[in-house]
Undergrad: 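Submitted below is the structure of interest, expressed as structure tokens.
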Amino acid sequence: MKLHLCLWKAVAMALMVMSLTSLTRSSEYEYLGWKSDLFNNGRIYDKPPQCVEIPDDLRLCHNVGYSQMLLPNLLEHETMTEVKQQAGSWVPLVHKNCHPSTQVFLCSLFAPVCMDRPIYPCRFLCEEVRDACTPIMEAFGFPWPEMLTCDKFPQGEVCISAPNNTKPSVATGLPKVCPPCDHAVDVDGILEHICASDFVIKTKIKEVKRENLDRKVILQKKKKTLKMGTLKKKDMKKLILYLKNGADCPCSQLDNLSNHYLIMGRKVEKQHIITGIYKWDKSSKEFKKTMKKLRSHKCPAFENVFK
């Protein structure tokens with residue numbers, strides 16, 4: 001049984017489906033027997049995909065241009081819980097604006113628009129997003145995940161492209177701010193970043209040294225843990241953090257080491273990598289509001305896809 005085609009008024013604005021005329025030449029398609037050669041050698045579901053509302057707490061796909069999605073999605077998540085568990089890891093990257101179509105690309109997979117057959121993102125869209133965002137991901141110690149290998153996606157057939165062939169903005173020649181230092185101070189952004197990080201601490205910095213392409217951040221002895229995560233008590237005593245690939249990029253937070261800092265991070269192999277650093281600014285209403293909200297805030301339980 002085929003699903004009815006859901007209305008998608010924002011297609012023209014948010015997504016461009018290429019070569020639609022080739023749909024008429026496609027072989028007969030049934031969701032019940034859908035076998036995708038793009039992921040895990042295909043998979044058959046007991047029930048056809050359903051058209052469901054995109055929930056408010058699937059923040060990755062807020063304002064993506066449509067309100068309903070297919071479930072199971074194109075990453076083979078069969079429940080909304082699975083979708084939210086993995087989608088949460090990507091929210092901070094979308095906030096980085098490394099490519100104008102990062103959200104379009106990711107949501108075409110995590111929350112595909114309701115149509116009568118699956119439409120995957122174009123390979124060149126994947127490659128553009130990957131190439132633009134990989135340097136930022138590497139600064140956080142993340143690889144481009146295997147499940148998004150661009151060779152898996154179609155080219156020269158029906159697929160989702162960036163609107164108007166959107167390209168990343170041209171570089172001005174000025175050094176880019178180190179990604180972990182480039183954050184707006186807003187409540188939702190900081191809370192999402194906290195939830196996506198392995199550990200969060202309040203501390204002062206003793207010294208910053210250059211070590212190869214990284215910056216080595218040596219902390220004062222006194223530290224307060226806001227989120228323990230992967231940290232252990234023995235780690236806290238001699239905790240050294242690294243600003244990955246941050247030897248030459250600007251980080252204004254490290255210009256004055258007399259401040260207290262809110263630092264977020266994750267452990268990559270034997271190093272503790274800084275994923276976010278904020279000045280502990282009591283004079284900022286937004287920061288004070290964030291710290292107050294943090295006391296009762298519950299992070300969604302999601303799996304880290306960058307393993």
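Residue numbers count from 1 along this sequence. Because the structure is a prediction, the values reported are computed rather than measured.
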Undergrad: Check Phe199 against Ile273 and note the closest heavy-atom contact, atom names and distance.
TA: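 Where Phe199 meets Ile273 most closely, the heavy atoms are CZ-O, 4.4 Å.
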Undergrad: Checking Lys152 side chain against Glu146 main chain: does a donor-acceptor pair fall under 3.5 Å?
TA: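 A pair under 3.5 Å: yes.
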Undergrad: Any chance the rings of His183 and Tyr278 have centres within less than 6.0 Å?
TA: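 Yes; Tyr278 has its ring centre under 6.0 Å from that of His183.
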Undergrad: If you round to the nearest 0.5 Å, how far is CG of Asp186 from NE2 of His193?
TA: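 Interatomic distance, His193 NE2 to Asp186 CG, rounded to 0.5 Å: 12.0 Å.
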Undergrad: Between His99 (side chain) and Ser101 (backbone), is there a donor-acceptor pair under 3.5 Å?
TA: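 Here the side-chain-to-backbone pair exists.
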Undergrad: Between Glu128 and Phe124, is a side chain to side chain contact (heavy atoms under 4.5 Å, CB included) present by the stated rule, with each step listed?
TA: CA-CA 6 Å; Glu128 286 182 6; Phe124 71 81; 4.0 Å; yes
Undergrad: What are the two closest heavy atoms between Cys181 and Gln253, and how far apart are they?
TA: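 Heavy-atom minimum between the residues: O-NE2, 2.9 Å.
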Undergrad: For Tyr261, does its backbone N or O pair with a side-chain atom of Asn259 as donor and acceptor, under 3.5 Å?
TA: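 Here the side-chain-to-backbone pair does not exist.
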Undergrad: Are side-chain heavy atoms of Ile277 and Leu241 found at a separation under 4.5 Å?
TA: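 No - every pair of side-chain heavy atoms lies 4.5 Å or more apart.
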Undergrad: Between Val177 and Cys251, is any pair of side-chain heavy atoms under 4.5 Å apart?
TA: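 No. Closest side-chain heavy atoms not under 4.5 Å.
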Undergrad: Report yes or no: does Lys96 contribute a side-chain atom to a donor-acceptor pair with the main-chain N or O of Pro179 at less than 3.5 Å?
TA: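 Yes, the answer is positive, given that a donor and an acceptor are paired below the 3.5 Å cut-off.
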Undergrad: Do Val94 and Trp144 belong to the same hydrophobic cluster, where Ile, Leu, Val, Met, Phe, Trp and Tyr are linked whenever their side-chain heavy atoms lie under 4.5 Å apart, directly or via other members?
TA: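 Yes, Val94 and Trp144 fall within the same hydrophobic cluster.
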Undergrad: First locate atom CG of Asn245, then atom CG of Asn212, and finally report the distance between them rounded to the nearest 0.5 Å.
TA: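 Between atom CG of Asn245 and atom CG of Asn212 there are 10.5 Å.
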Undergrad: Can you name the nearest heavy-atom pair linking Pro145 to Met137, along with the distance?
TA: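 Result for this residue pair: CD-CE, 4.1 Å.
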Undergrad: If you take all heavy atoms of Tyr66 and Ile54, which pair is closest and at what distance?
TA: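 Reported closest heavy-atom pair: O-CD1, 3.7 Å.
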Undergrad: Does some side-chain heavy atom of Val52 sit less than 4.5 Å from a side-chain heavy atom of Met80?
TA: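 Touching, per the 4.5 Å side-chain cut-off.
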Undergrad: Hey, what's the ring geometry for Phe105 with Phe153, parallel, tilted or perpendicular (30° and 60° as the breaks)?
TA: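 It falls in the perpendicular class, over 60°.
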Undergrad: How long is the gap from CG on Leu125 to SG on Cys159, to the nearest 0.5 Å?
TA: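 Answer for the CG-SG pair, Leu125 versus Cys159, is 8.5 Å.
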Undergrad: Please check: side-chain N/O of Asp198 versus main-chain N/O of Arg266, any donor-acceptor pairing under 3.5 Å?
TA: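 Here the side-chain-to-backbone pair does not exist.
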Undergrad: Under the side chain to side chain contact (heavy atoms under 4.5 Å, CB included) criterion, do Tyr120 and Leu74 qualify, and how do the steps go?
TA: CA-CA 8 Å; Tyr120 288 88; Leu74 302 189; 3.8 Å; yes
Undergrad: Specify the closest pair of heavy atoms between Asn73 and Leu109, including all atoms of both residues, with the distance to one decimal.
TA: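 Closest approach of Asn73 to Leu109, heavy atoms only: CB-O, 3.3 Å.
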Undergrad: For a 4.5 angstrom cut-off between non-hydrogen side-chain atoms, does Phe110 reach Leu60?
TA: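 When only atoms from C-beta onward are counted, Leu60 and Phe110 do touch, with a gap below 4.5 Å.
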Undergrad: Would the distance check show the side chain of Arg210 and the main-chain N or O of Arg215 forming a donor-acceptor pair, the cut-off being under 3.5 Å?
TA: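 A pair under 3.5 Å: no.
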Undergrad: Would you say Gln68's side chain and Cys51's backbone share a donor-acceptor pair under 3.5 angstrom?
TA: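 Side chain of Gln68 to backbone of Cys51: no pair is present.
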Undergrad: Are the side chains of Met69 and Glu53 in touch, meaning some heavy atoms are under 4.5 Å apart?
TA: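 Not touching, per the 4.5 Å side-chain cut-off.
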Undergrad: With hydrophobic residues grouped by side-chain heavy-atom distances under 4.5 Å, do Ile201 and Met264 end up in a single group?
TA: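 Not linked; separate clusters.
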Undergrad: For residues His95 and Asn97, determine if any side-chain heavy atom of one lies less than 4.5 Å from a side-chain heavy atom of the other.
TA: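 They are not in side-chain contact.
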Undergrad: If you round to the nearest 0.5 Å, how far is CD1 of Ile190 from NZ of Lys293?
TA: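 So the NZ of Lys293 and the CD1 of Ile190 are separated by 11.5 Å.
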Undergrad: Heavy atoms, side chains only, cut-off 4.5 Å: are Val113 and Ile119 in contact?
TA: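 Sidechains of Ile119 and Val113: no contact.
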Undergrad: Can you tell me if Asp214 uses its side chain to pair, donor with acceptor, with the backbone of Lys216 under 3.5 Å?
TA: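 No; judged by distance alone, with no hydrogens or angles, the pair does not exist.
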Undergrad: Using the rule that Ile, Leu, Val, Met, Phe, Trp and Tyr join whenever any side-chain heavy atoms are under 4.5 Å apart, tell me whether Leu226 and Ile274 fall into a single cluster.
TA: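 Cluster IDs for Leu226 and Ile274 differ.
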Undergrad: With distance as the sole test, does Ser284 use its side chain to make a donor-acceptor pair with the main-chain N or O of Phe287 at under 3.5 Å?
TA: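 Yes; at least one donor-acceptor contact below 3.5 Å.
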Undergrad: In this structure, would Met228 and Leu219 fall into the same cluster of hydrophobic residues linked by side-chain contacts under 4.5 Å?
TA: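 Yes: a chain of side-chain contacts under 4.5 Å links Met228 to Leu219.
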Undergrad: Rounded to the nearest 0.5 Å, how far does CG of Leu239 lie from NZ of Lys221?
TA: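 Reported to 0.5 Å precision, the distance equals 14.5 Å.
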Undergrad: Do Phe140 and Met147 belong together in a cluster built from hydrophobic side chains that touch within less than 4.5 Å?
TA: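 Yes, same cluster.
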Undergrad: Does atom CG of Asn63 have more than 12 heavy-atom neighbours, drawn from other residues, nucleotides or ligands, at distances under 6.0 Å?
TA: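 No, CG of Asn63 has 12 or fewer neighbouring heavy atoms, counting only those of other groups under 6.0 Å.
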Undergrad: Taking atom types as modelled, is there a side-chain donor on Asp281 or Ser283 under 3.5 Å from an acceptor on the other?
TA: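 A donor-acceptor contact under 3.5 Å links the two side chains.
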Undergrad: To the closest 0.5 Å, what do you measure between OG1 (Thr203) and CD1 (Ile263)?
TA: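 The CD1 atom of Ile263 is 6.0 Å from OG1 of Thr203, to the nearest 0.5 Å.
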Undergrad: Answer whether the closest heavy-atom distance between the side chains of Leu106 and Leu148 falls below 4.5 Å.
TA: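 Yes - at least one pair of side-chain heavy atoms lies under 4.5 Å apart.
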Undergrad: Under 2.5 Å between the SG atoms of Cys107 and Cys61: is that the case?
TA: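 With an SG-SG separation under 2.5 Å, Cys107 and Cys61 do form a disulfide.
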Undergrad: Looking only at heavy atoms, which two atoms of Cys122 and Ser161 are closest? And how far apart?
TA: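 Heavy-atom minimum between the residues: SG-N, 4.0 Å.
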Undergrad: Using atom types as modelled and distance alone, determine if a side-chain donor or acceptor of Gln103 lies under 3.5 Å from a backbone N or O of His62.
TA: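 Present.
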